[in-house]
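Okay, so here's the structure we're looking at.
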Amino acid sequence: MSAPPVALLAELTYRCPLRCAYCANPANWRDYGDELDTATWSRVLREAADLGVLHVHFSGGEPLLRHDLEALVRAAREAGLYTNLITSAWGVTRERLAALGDAGLDHVQVSVQDSDDARADRLAGTPAHAHKIVAAGWVKSLGMALSINAVLHRHNLARVGEIIALAESVGAERLELANTQWHGSALAHRDALMPDRETLASAQAIALAERERLRGKMDVIWVIPDWYEDAPRPCMDGWGRRFMTVIPDGTALPCPGAHGLPGMVFDNVRDRALGAIWRDGADFQRYRGTAWMSPTCGTCDRREVDFGGCRCQAFALTGDAARTDPACTQSPDHALVRDLRRARPIAPAEPEGPLYRIDIRRVVRAS
Amino acid sequence: MSGDARRPVLARRARFRWDAAREQHVVVVPEGVLTLTEEGAEITALLDGQRSLAAVIDAVAAAHPEAAREALSIDVREYLQRLADRGYVTLEEP
């Protein structure tokens with residue numbers, strides 16, 4: 001019997017007022033507009049708590065676009081869950097944050113795109129940065145825990161020091177410096193977003209030094225850049241092992257990108273209880289444990305350290321989701337990553353034009 | 001950790017609870033879970049914001065008459081200091 005999940009990622013909507021090019025939502029995000037209603041989400045949250053989930057992360061898209069967010073936070077807290085809101089903070093008022101706090105919200109994670117208004121707003125495609133900083137202050141003054149998250153890539157890595165200073169100045173207790181992972185829109189924009197090795201190395205040196213300086217005051221988390229390490233990311237800490245994702249239309253997934261994989265048998269929380277999906281849903285079983293692994297992974301002594309890496313990346317690069325993640329130097333396909341890294345034309349450090357998240361339906365209509 | 005009159009209290013962002021699915025006490029924090037030993041759970045349960053550090057040590061010592069008070073006192077201080085270093089426990093002045 002599989003151990004219970006520790007965390008539920010509740011992607012309430014894929015709608016978002018920001019248009020960040022590195023977005024991990026699927027390119028056809030508009031096809032998921034049939035969102036779960038309040039009652040169904042409330043049931044899912046209770047089922048999650050019963051199953052052993054401790055954290056719920058309300059995310060998206062932008063979860064603030066759901067007018068029932070306060071009700072969902074309350075339902076989660078009543079079920080005993082620790083509640084986290086992952087948000088752009090776009091347009092949020094102090095009154096709404098206070099209402100969310102009253103509903104039991106424990107922790108708010110606010111994204112920033114860069115360290116100054118002009119650059120951050122250009123990356124977000126929305127004038128949002130100045131308000132984010134104000135809203136982060138409200139989170140603190142209302143007594144909720146605050147994290148800042150910055151997704152890092154070619155166009156902001158050089159300012160990692162300024163981003164750290166910004167997070168420190170707003171009083172964040174945690175800062176996630178998350179190097180872009182190559183999924184969804186980010187994958188389509190890979191050539192424009194991929195940093196060069198020197199910029200990455202300087203940024204990492206700054207981040208690790210600042211982490212020491214800020215120890216005990218602000219947790220600085222450096223999420224390792226994929227493609228520049230010898231070992232792959234231990235994606236989701238293993239498939240169907242610790243994390244469960246429910247996307248806006250109710251599909252339950254082992255990772256937030258799994259619906260991009262072929263041949264999966266998706267269960268929907270509208271039809272089945274969360275616990276049954278976790279325990280014996282076909283897609284949760286598919287890459288759980290080590291039995292599915294190729295000999296490369298199955299005989300490797302790191303098989304239960306990085307779990308074969310990322311299934312979505314294996315599929316995106318090799319066409320076979322069950323292969324070893326090509327980001328691993330032991331992968332027979334590692335030359336793919338090496339060649340892509342080498343062949344990539346160096347994009348300018350400042351974006352030349354608008355660079356926004358992919359929107360397949362909009363593209364189709366325009367053509 | 002000096003100042004035994006100070007009152008140790010769990011930070012608002014850290015929540016102490018029983019994890020029924022895994023049959024253990026935990027402190028849930030943003031993006032993480034601290035799994036507690038039985039001793040850790042016993043100490044954490046005493047952090048009600050009313051008891052001083054001295055009173056917490058007294059209560060642990062009372063529950064363990066077999067143990068040397070001096071050793072218990074060191075254990076309690078070390079445990080609380082570890083949580084305080086990570087911002088999960090604060091020490092309120094009396």
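Heavy atoms only: backbone and side chains are in, while hydrogens, waters and symmetry mates are out.
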Quiz item: Just wondering, more than 12 heavy atoms not from E70(B) lying within 6.0 Å of its CD?
Solution: no
Quiz item: Does R22(B) reach the side chain of V6(A), with side-chain heavy atoms less than 4.5 Å apart?
Solution: yes
Quiz item: Any idea which of G80(A), A7(A), S147(A) has the most non-hydrogen atom pairs under 4.5 angstrom with chain B?
Solution: G80(A)
Quiz item: Closest approach of N84(A) and E31(B), non-hydrogen atoms and distance?
Solution: ND2-OE2, 3.0 Å
Quiz prompt | Heavy-atom pair of closest approach, residues D219(A) and Y88(B) | solution = OD2-OH, 4.2 Å
Self-check item: For chain A, the option from R15(B), R86(B), R17(B) that forms the most heavy-atom pairs under 4.5 Å
Solution: R15(B)
Self-check item: Option that, when pairs with chain B are counted at under 4.5 Å, heavy atom only, ranks first among T83(A), I221(A), D106(A), L54(A)
Solution: L54(A)
Exercise. First locate atom CZ of R13(B), then atom CG of L146(A), and finally report the distance between them rounded to the nearest 0.5 Å.
Key: 10.0 Å
Self-check item: Within 6.0 angstrom of E92(B) CD, more than 12 heavy atoms from elsewhere
Solution: yes
Exercise. Output the option from G32(B), A21(B), G87(B), P30(B) having the highest count of non-hydrogen pairs under 4.5 Å with chain A.
Key: P30(B)
Quiz item: E176(A), H107(A), H55(A): which one forms the most heavy-atom pairs within less than 4.5 Å of chain B?
Solution: H55(A)
Self-check item: More than 12 heavy atoms of other groups within 6.0 Å of W90(A) CH2
Solution: no
